[in-house]
Amino acid sequence: MTGGLTIDRIDVSYGPRSALRGVSLEVAEREIVALIGSNGAGKTTTLRAIMGLTPPDRGTIRFEGTDITRLAPPAVVKLGITLSPEGRRVFPQMSVEENLQLGAYLKTDTVEIAHTMKRVYAYFPRLLERRGQMAGSLSGGEQQMLAIGRALMAKPRLLLLDEPSLGLAPIRVQEIGQIIREINAEEGISIVLVEQNANMALRLCQRAYVIESGAIALSGTGAELAASEHVRRAYLGG
Amino acid sequence: MDILALLPQAGLNGLVIGAMYALMAIGFSLVFGTMRIVNFAHGEFYMIGSFVAFFTYAQWEVPFALTILIAIAVVGVAGAAIEWVVVRPLRTDELSSMIATLGVSVVLQNGALMFFGASPRPMPDVVSGLVHLGPAIFSASRIFVIVAATVVIGAFWLFMQKSRTGRAMRAVAQDQEAALLQGVDVERIFPFAFAIGVVLAAVAGVLMAPVFSVSPFVGATPMLKAFIVVILGGLGSIPGAVLGGLLIGMIESFGATFLGGVTADMLQLGVVIAILLVRPAGLMGRKEA
């Protein structure tokens, strides 16, 4: 596979503590792939490994044919992968618009940046209303929109979303889900969706992986996993 | 002497000293904010700035505008180099990097002592004459310092607010990892932030060289006061540094004029303690997340 992302048997550790063991995962072009699992299972670590924040000890990560295993985050961003991180991590003392501008830090074409920003505002009209407001004063849901919008500003071909539904009211979760689907369809961006909310993730994705104690336990289409006895008992509350 | 005649003079001196403290504090705060490093050598860059002013302007009679540019170039390059050679290898260890900057301070101060000697050198004013404002008469050289410092602080503010690099520095200060995720090459930002921080100290040194004298030890007091101003204004806040600098400068000037220098110093610290009791994060500071 030349397009998309291929993770081949990576091991990741934080100091002496092993976080991922032999994780393999594939994301095809234009695909939404969900990665579900409980707290501490290794979901966030997988995304950090892709971005180059926590490089693997072993194994390889390839994106569109390029080996990105040891690249630093700015180089990974440049190749077309961005992350909307866990906990949103917006820049609190900057305006909404400045946060978005930072998302386009590696872009130099101001016309293109303005155009992308317009698209982001179209997805999240709420952000347009609040463009001059400090990001730290936004509600949790608005900050989540900003984090996703910021990640879109670099015009990625692969978007990594870490727990976009965390801490949001159910109605907002639906909204975000709808927007994720639109972004995928309209922009043709592949998406890795990391979620504890397995319900939402399995409905949105084409394929999904279940990660348990640092290793992939199950994989299949969203529908297959939603039907699996194990997933239903462990992640869907019934 | 008439007390009413002293008031405007004390006010003007307060502005001069305050502007200098603000410049010092902004630079110190920039380095701490982006790199989490307490730069104990900050005052030494003030000292280098004042020596550059002495040699280029007083000795070689270079135009003053050029003197400022030379100081910016010399200290900027030196600052980036020091970040690269001394601070960078110790980045992951805050305590060691602090001690390293203390070492840089000792080396620079003693280097200056070796080459230039300990005796203070006077430096001529950059502009001469008097300015009449209503009934009050001010020395033009003092007003020049205030104007020049305001221009530099304004330029720095614009750079931080409007430029791509300035925005990246603020991002690094607020969340280093999130900045990295936007593609900001943090390793390239650090020497730049360090250089700009110490350049601001050098500019303060250049501007103040005619007001105070020039010697290897002139950096100590501005450094100490910058410390106080940064804590008072709020760590990492540029408006806080300006406000804090002016406040400390005014207390110092009025205190020294009417109560004497020793009392002024005590008063200064008393006011700082009182303000911090009410606002622990400083005048414009935000609580650390």
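Just so it is clear, the values below take in all heavy atoms, side chains as well, and ignore hydrogens, waters and symmetry mates.
Listed options B:Ala171, B:Ala178, B:Ala173 were ranked by heavy-atom pairs under 4.5 angstrom with chain A; first place goes to B:Ala171. Interface remark: of the candidates A:Pro74, A:Ala72, A:Gly103, A:Pro74 forms the most heavy-atom pairs closer than 4.5 Å to chain B. Comparing A:Lys78, A:Glu98, A:Met51 by heavy-atom pairs within less than 4.5 Å of chain B, the highest count is held by A:Glu98.
With a 4.5 angstrom heavy-atom cutoff, A:Met94 touches chain B via backbone and side-chain atoms both. For A:Leu53, the part lying near chain B is the side chain, with the backbone staying farther off; criterion is any non-hydrogen pair under 4.5 Å. Using a 4.5 Å cut-off between heavy atoms, A:Pro92 touches chain B through backbone and side chain atoms alike.
Between the CD atom of B:Gln174 and the CG atom of A:Leu102 there is a distance of 9.0 Å, given to the nearest 0.5 Å.
Using a 4.5 Å cut-off between non-hydrogen atoms, the part of residues 179-190 of chain B that approaches chain A consists of B:Ala179, B:Leu180, B:Leu181, B:Gln182, B:Gly183, B:Val184, B:Asp185, B:Ile189. Listed in order of number, the residues of residues 90-99 of chain B that approach chain A to under 4.5 Å between heavy atoms amount to none.
Ionic pairing of A:Arg48 and B:Glu177 is present here: one or more N-O contacts between side-chain nitrogen and carboxylate oxygen are shorter than 4.0 angstrom.
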- [ ] Report the C-alpha distance between B:Arg167 and A:Gln101 in whole Å, list the side-chain angles of each, state the deciding distance to 0.1 Å, and finish with yes or no for side chain to side chain contact (heavy atoms under 4.5 Å, CB included).
- [x] CA-CA 9 Å; B:Arg167 194 151 54 216; A:Gln101 279 164 343; 2.9 Å; yes
TODO: Take B:Arg164 and A:Tyr105, measure what side chain to side chain contact (heavy atoms under 4.5 Å, CB included) needs, and give me the verdict at the end.
DONE: CA-CA 8 Å; B:Arg164 179 171 170 270; A:Tyr105 182 76; 3.6 Å; yes
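Residue A:Arg70 qualifies as enclosed at atom CZ: its count of foreign heavy atoms under 6.0 Å is above 12.
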